[in-house]
2 protein chains.
Amino acid sequence: MLSPLFNFISNIKPISNELKELLAQKLEIIEVPKKTLLLREGQTCNHIHVVVSGLLRMYYMKDGEEVCSRFIDESLMAISVKSFYSRQPGDEYIETLEPCILARIHKDELELIYKEHDEFNYIARVITEQYFIRSEERQYLLRKQSAEERYLYFMDNYPHLLQRVPLTYIASYIGLTLETLSRIRKKIATK
Amino acid sequence: MLSPLFNFISNIKPISNELKELLAQKLEIIEVPKKTLLLREGQTCNHIHVVVSGLLRMYYMKDGEEVCSRFIDESLMAISVKSFYSRQPGDEYIETLEPCILARIHKDELELIYKEHDEFNYIARVITEQYFIRSEERQYLLRKQSAEERYLYFMDNYPHLLQRVPLTYIASYIGLTLETLSRIRKKIATK
DNA sequence: CGTTAGTTTGAGAGGACTCAAAGTCTGTGG
DNA sequence: CCACAGACTTTGAGTCCTCTCAAACTAACG
């Protein structure tokens, strides 16, 4: 179950068997049905959830509407960034869009591993850098000024999500109303 | 010159004198006049620049226009994120907006330190997390849908930059034209 | 086959944009 | 110390894109 994750880690830097066993022991596998909230506004995000299978959506409320901030599919990790790192309550929700199998670990366990296994700091640094890059790319998308550009960018970069995510959420993710997105899709289709 | 930086690092986790000396040795202090380009499109970002004094702007070109992606002032670090981590040429520019004193270190030196000093990975991870949080907050700003909201958010969160950065760049940073920003400022002033 | 979630289409309003011009500030040289 | 040049900001007029609200259509699921 965890072998893709361990492969991913080993590709960054090979780790000792001891550390591997420790991780396997601390990572809890959970099965969660569709439409389940893993985190809600006002809570502190204390876990990293790694998606073994399924799809997650993160969002926050803005003037009574859900604003979609991120999708997390297989082998990606979900945290509410600010809440997790600052240990303060956040304003994000994490929800399953599909039935999911997740591997999760508590921040406290993670901190212990950081302290006891220096090698893991190297891994964590690189992973954090990778997610930082994603976050920057996301900004780039949001700054594409026209609605059409943003959707084309989404199509290019997340084609696999197009099939799995309802349009409402994609619209929200790229900062459009559902109606506008629908019109853009029509326009693109006729080309 | 570097003591604020070392204080900052020690606050994350105290480091050995050996590491401190190594860093001091590898960090090069440079003095750069206003309006100097530290990085341009097509180049690979190989250095981290820490601002000792002064102010930097990062931007990229989009349809022949400069789009401002970030400001970096005292004690903050500048890299073109994707280019730096991937070692690929990027599309960002880094420019001094004021005369600057900078401390810089080459990525190769940094990698050596990562490999030889595991403790430094801990520091780097935490710093990366902090910048990751900023990046997420930036996204949050960009998703504020109205022009006025975005400007108010900027005022709240970067009041010190309001004095130092020309409006053109602020407008670009929050995704507006200069004219629109000017009108918003007028509107806000009359309240 | 009915119910609900998801998507498309329509009409009208409004905010931000573009292009253009005028005004204001700042610093340098006479 | 003034005057002028260049950088920066404000104002104006007109247009267009995206939004809102409303309703119809379609697909998925029990």
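Just so we're on the same page: letters track the sequence lines, and every chain starts at 1. All figures in this text were calculated on a predicted structure; none of them were measured in a lab. What's counted below: heavy atoms across the whole structure, side chains too, no hydrogens, waters or symmetry copies.
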Name all pairs fulfilling the salt bridge (Lys or Arg N to Asp or Glu O under 4.0 Å) condition that reach into residues 43-55 of chain A, sequence neighbours left out, sorted by first residue then second. none
Keeping B:Ser83 on the side-chain end and B:Gln88 on the backbone end, is there a donor-acceptor pair under 3.5 Å? yes
Output every pair passing ring-ring contact (aromatic ring centres under 6.0 Å, His included) with a member in residues 161-185 of chain B, not counting sequence neighbours, ordered by first then second residue. B:Phe71-B:Tyr173, B:Phe154-B:Tyr173
Sorted by number, the residues of residues 61-72 of chain B with heavy-atom contact under 4.0 Å to DNA chain C: none
Spacing between B:Arg150 atom CZ and C:dG15 atom P, to the nearest angstrom: 14 Å
Exam field: side chain B:Ser135 to backbone B:Tyr131, donor-acceptor pair closer than 3.5 Å: no
When you compare the protein's N or O atoms with those of nucleotides 19-27 of chain C, which come within less than 3.5 Å of each other, and at what distance?
residue, atom, partner, partner atom, Å
C:dC19, N4, B:Glu179, OE2, 3.1

Return the angle between end axes of the helix from C:dC1-D:dG30 to C:dG30-D:dC1, with five pairs used per end and rounding to 10°. 40°
Please list every donor-acceptor pair under 3.5 Å in which a side-chain atom of residues 26-34 of chain B meets a protein atom from a residue at least two apart or in another chain.
residue, atom, partner, partner atom, Å
B:Lys26, NZ, B:Glu109, OE1, 3.4
B:Glu28, OE1, B:Arg104, NE, 3.0
B:Glu28, OE1, B:Arg104, NH2, 3.4

With the threshold set at 4.0 Å, does a side-chain nitrogen-carboxylate oxygen contact exist between A:Glu137 and B:Lys82? yes
Does atom CD of A:Glu65 have more than 12 heavy-atom neighbours from other groups under 6.0 Å away? no
Using only side-chain N and O atoms of B:Thr177, determine if any of them is under 4.0 Å from OP1 or OP2 of C:dC17. yes
When the distance from NZ of B:Lys187 to C1' of C:dG14 is rounded to whole Å, what number comes out? 12 Å
Using atom types as modelled, flag every donor-acceptor pair under 3.5 Å from a side chain in residues 42-59 of chain B to any protein atom, sequence neighbours excluded.
residue, atom, partner, partner atom, Å
B:Gln43, OE1, B:Arg40, N, 2.9
B:Arg57, NE, B:Glu95, OE1, 3.0
B:Arg57, NH1, B:Glu66, OE1, 3.0
B:Arg57, NH2, B:Glu66, OE1, 3.0
B:Arg57, NH2, B:Glu95, OE1, 3.0

Side-chain N,O (A:Lys186) to OP1/OP2 (C:dT8) below 4.0 Å: no
Hey, is the main chain of A:Cys68 close enough, under 3.5 Å, to the side chain of A:Ser172 for a donor-acceptor pair? yes
Atom CG of A:Leu178 and atom P of C:dT8: how far apart are they, to the nearest Å? 8 Å
B:Glu148 pairs by side-chain hydrogen bond (donor to acceptor under 3.5 Å, both in side chains) with which of B:Arg185, B:Arg183, B:Lys187? B:Lys187
Any pair with a residue in residues 159-181 of chain B that passes salt bridge (Lys or Arg N to Asp or Glu O under 4.0 Å), sequence neighbours left out, goes on the list, sorted by first then second residue, please. B:Glu74-B:Arg164, B:Glu98-B:Arg164
Side-chain donor-acceptor distances from residues 115-122 of chain B under 3.5 Å, at least two apart:
residue, atom, partner, partner atom, Å
B:Glu119, OE2, B:Ser16, OG, 3.2
B:Asn121, OD1, A:Arg125, NE, 2.7
B:Asn121, OD1, A:Arg125, NH2, 3.4
B:Asn121, ND2, B:Tyr114, O, 3.0

Distance under 4.0 Å to a non-hydrogen atom of chain B counts as contact; along DNA chain D, which nucleotides mark the start and end? D:dT9 to D:dA13
Distance, rounded to the nearest Å, where B:Ile184 contributes CD1 and C:dA16 contributes C1': 8 Å
Checking B:Arg143 now: which residues fulfil side-chain hydrogen bond (donor to acceptor under 3.5 Å, both in side chains) with it, not counting sequence neighbours? none
Any link between A:Ile170 and A:Ile94 through a network of hydrophobic side chains (Ile, Leu, Val, Met, Phe, Trp, Tyr) touching at under 4.5 Å? no
Find out if a path of hydrophobic residues (ILVMFWY) with successive side-chain heavy-atom gaps under 4.5 Å connects B:Tyr60 to B:Leu38. no
Within a radius of less than 6.0 Å around CD of B:Glu18, do more than 12 heavy atoms belonging to other residues, nucleotides or ligands occur? no
For A:Leu176, answer base if it contacts any base atom (sugar-phosphate contacts may also be present), sugar-phosphate if it contacts only those atoms, and nothing otherwise; contact means non-hydrogen atoms under 4.0 Å. sugar-phosphate
Nucleic acid contacts of residues 157-173 of chain A, taken as heavy-atom distances under 4.0 Å to DNA chain C: A:Pro166, A:Leu167, A:Thr168
